[in-house]
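Read the numbers this way: they start at 1 and go in the same order the structure lists the ligands and their atoms. For clarity, every value in this text was computed on a predicted model and none was experimentally measured.
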Amino acid sequence: MEWLGQHFFTDLPDSGHLLLNCTHNPFLVLLAYLVACAAGFGILDMAERVGHVEDPTARRHWRWLGAGCLAGGIWSTHFISMLAFQAPIAIHYELIMTFVSLLIALIASLLAMQTLSHTHLRFHQYLVASVWMGLGIALMHYVGMSAMRSQAQVYFETRLFLASVAIAMGASLAALLLSSYLRNGAGVFHQLLKYAASLVLGAGILSMHFTGMAAMQMLVPSGTDLSLRADDNPIQLGLSVAMITLLVIGSSVSAALADKKLQHKERDLRRVNALLSELDQARASLQQVAHFDALTSLLNRRGFNQIFAEKVAEKTRTQGMMAVIFLDIDHFKRINDSLGHDAGDQLLTVLAGHIKGSIRSHEDVVARFGGDEFCILVNIHHRDEARHMAQRIMQKMKEPIELAGRRMVMTTSIGISLFPEDGHTCEELLKTADLALYQSKDAGRNCLNFFSSNLKTRAFLELQLEEELRAALRTRSQLVLFYQPIFDMKLGKVTRLEALVRWQHPQHGLLAPDRFIGIAENNGLIAELDHWVLRQACHDLSLLSDRGDTELIMAVNCSALNLARDELADEIEDALRFAGIGTNRLELEVTENALMGNISSTLALLRQIRALGVSLAIDDFGTGYSSLAYLKRLPLNTLKIDRSFIQDIPKSTADSEIVQAIIGMAHTLHLQVVTEGVETQAQFELLLKHGCDYIQGYLLSPAVPFDDIIGVMQGIAMRNPLYPLSVEGKDAPPPNDPAAGRIGPPSIVRPIR
Ligand code: C2E
Ligand code: CA
Ligand code: CA
């Protein structure tokens, strides 16, 4: 087959003379190899660029530049190798075909760069691309060979010709795989790998050429003058071509390097920018954390104080008026304790929304001070404006809220102070608003109060009472225990006593616990107080035992705060041992809400107390939110139904049904039931009918001093309420009224004072 004046797949004719003594100039061969290696390095470098540049136009530019480097490199390798070829006949090269071969090299190189611009190709796709590239390079080579003009006829030995094509394909495949493999990576090792790969690629390109040359057989007619001719100056031309090519490839590689550096710089710059904006965000969120409450997104105390100070300064300057509204959610702790903190948080969020919805958003400032305390700053012209706003908030807060599957209505206590009337500084205004709030809570909550100067006196008195209580606890001189009998409905006699503390105050007279337990709890005195009560009650019980009441059980109250103290069990054990009382003769009364706190630690402590043999009662049952399932987990013995449930019995059928249900439920849980606050015979009979185990209340006796308790028990035994005929008058009136915080004398005890 003859193609472009060259013979392929054809046997040599018989006539003619085969040129055997052709040689290659070693310097030019080495130069060709150098150029081939440079081309290899060029394609590796450009492939890396194409893989890393994001801008599509820039990618296209790098693709073209890469193709140019590769094409120029391969073509120059070929060209210089041809210059290295030395034969004993005159050889010239035709320009057009030489350039056509350069064009073909360019097309094959473009194909290579196009392939390399895809990041995720399968192996077979690389294989197909390398077949085409190999064919392209081979085509370039053989078209380049056809530019050779001489006396000789050119024949190609078939096997070597095919091998040259296969080598072109192999070198292409190697170039593609190495380029895609070395596209990512950095560092010295990666660079060394690239150099090594360039040497391999250079060798591939060159060996393709020389296998093609080895396949070439030149046949000259017999009688041709065969003398080795020194060409014009092949070395000079080869050097020039090599220099130009290396210059082009070198510039491209330098450009790639510069671009890479620029890109790194850009990336660094972007990273710095991102870091800066992150820093900005962090600063903003720090600001948010420092000045805002995370749960409700309202201002926190610190944020509020800042604005408050500015407002006070402004109002002082303009002689304006302003109200500070202090707000506290009533009985919020119960929700937290019984339904858990998540439900509490949810509730606070809803309530915060209610407050925000009730204020004039652009003018007023609202903050959460932690817990369930909120504070609002309002610009006003008249005190009534503050009252109206507070009333609006109270109304809004009463809207029913769905929480943890329950529908509940919350109420709010509010205290208000006015600028400039009640204070000129932030501290004064907050203090006076707080005092007003205290008054609202004291008045039974769910109400609002403005600060008035007599509140200051009251606060002062409160403080004084705290100091006096501290002293009373220290000297143990003014605290006394009263005892209230608890009547066993089955045995028809008093089998238990509840110890109730009183304070014989030198000025205020006998104070009921409601007056000072809160003070003790708020000022860290409650542990000491309850401890004293426990020891005194045990002591008194031992005295009663000595007089013959060996079966009596003593019930002692325990504050919720005390349940958080691990030493409680030891203290109880010590008190019993000291008084010589059996552990089965003490019952600890704990309120329902106290049990709702930290259940795991409380449970451990309760179990410890139960293990001593001491009984446990749940006090004021029904005023909290405890559920049956919850009660089941606690090691309880007794359930005390709160007085509020039987107050309206037997008038309220609903209440009597509730009491009946509670008794039934308690019995199912094997709990004994004490009903507190039984004042009338009718209540007594109803409880008897429903199977209540014990009753306690003024019907039998109020709490009386220790010295009177034996007489009271004897009196009850004589006028046994199980036999109402023995009682004078059906509804015995409650013998005293502790409402004012002072306890008057019941008819059957001696008067105090
Ligand atoms: P509590 O444990 O529920 O005690 C029952 C309260 O109801 C007693 O009030 C008692 O006098 C009163 N009460 C009894 N029967 C009737 C009745 O028929 N009608 C009416 N209206 N009231 C009745 P007290 O003694 O004023 O105690 C009030 C609360 O103070 C107690 O409620 C208890 O929670 C607490 N407390 C009393 N002593 C102590 C104590 O030593 N330590 C602690 N931590 N708390 C105590
Ligand atoms: Ca009690
Ligand atoms: Ca109670």
Exercise. Does a side-chain N-to-carboxylate-O contact under 4.0 Å join Arg470 and Glu466?
Worked result: yes
Exercise. What pairs with Ser644 under side chain to side chain donor-acceptor pair (under 3.5 Å), at least two apart in sequence or on another chain?
Worked result: Asp642
For this session: Ignoring hydrogens and angles, state whether a donor on the side chain of Asp540 or Gln536 is under 3.5 Å from an acceptor on the partner side chain.
Result: yes
Exercise. Heavy atom of Glu521 under 4.0 Å from ligand 1?
Worked result: no
Problem set entry | Nearby protein N/O/S atoms (those under 3.0 Å) for the Ca ion (ligand 3), with water ignored | Asp619 OD1, Asp620 OD1, Glu676 OE1, Glu676 OE2
Problem set entry | Heavy-atom nearest neighbour of atom 43 (C) of ligand 1 within options Val590, Asp642, Asp530 | Asp530
Exercise. Does Arg577 come within less than 4.0 Å of Asp574, counting only side-chain N to carboxylate O?
Worked result: yes
For this session: Round to 10° and report the angle made at the Ca ion (ligand 2) by OD1 of Asn557 and OE2 of Glu498.
Result: 90°
Exercise. Can a cation-pi geometry be assigned to Arg535 and Phe578, taking NZ or CZ under 6.0 Å from the six-membered ring centre and within 45° of the ring axis?
Worked result: yes
Exercise. Ser413 and Asp328: side-chain donor and acceptor closer than 3.5 Å?
Worked result: no
Exercise. When the aromatic ring centroids of Phe369 and Phe326 are compared, is their separation below 6.0 Å?
Worked result: yes
Exercise. Among Glu589, Arg502, Gln484, whose heavy atom sits nearest atom 25 (O) of ligand 1?
Worked result: Arg502
Exercise. Is it the side chain (CB and beyond), the backbone, both or neither of Asp619 that lies under 4.0 Å from ligand 1, heavy atoms counted?
Worked result: side chain
Problem set entry | Close-contact set for ligand 1 against Asp620 heavy atoms, below 4.0 Å | 3 (O)
Exercise. Counting each atom of ligand 1 from 1 as listed, which ones have a heavy atom of Asn557 under 4.0 Å away?
Worked result: 2 (O), 37 (C), 38 (N), 39 (C), 40 (C), 42 (N), 43 (C), 45 (N), 46 (C)
Problem set entry | Atom indices of ligand 1, in the order listed, that fall short of 4.0 Å to a heavy atom of Glu498 | 2 (O), 4 (O)
Exercise. Using the ring of each side chain (for Trp, its six-membered ring), is Phe684 parallel, tilted or perpendicular to Phe487, with breaks at 30° and 60°?
Worked result: tilted
Exercise. Thinking salt bridges, do Lys640 and Glu498 make one under a 4.0 Å N-O criterion?
Worked result: yes
Exercise. At a 4.0 Å threshold, what atoms of ligand 1 neighbour a non-hydrogen atom of Ile517?
Worked result: 43 (C), 45 (N), 46 (C)
Seminar exercise, completed: Ranking Glu679, His531, Gln696 by closest non-hydrogen atom to atom 17 (C) of ligand 1, top hit is Glu679
For this session: Below 4.0 angstrom from a heavy atom of Val501, which ligand 1 atoms are there? Numbered from 1 as shown, please.
Result: 38 (N), 39 (C), 40 (C), 41 (O)
For this session: Decide if atom CD of Gln391 counts as having more than 12 heavy atoms of other residues, nucleotides or ligands within a radius under 6.0 Å.
Result: yes
Exercise. Can you name the nearest heavy-atom pair linking Leu534 to Glu571, along with the distance?
Worked result: CD2-O, 4.0 Å
For this session: Would you tell me which option among Leu534, Thr675, Val533, Asp514 has the nearest heavy-atom contact to atom 28 (C) of ligand 1?
Result: Asp514
Exercise. Taking atom types as modelled and ignoring hydrogens, do the side chains of Thr591 and Asp620 form a donor-acceptor contact shorter than 3.5 angstrom?
Worked result: no
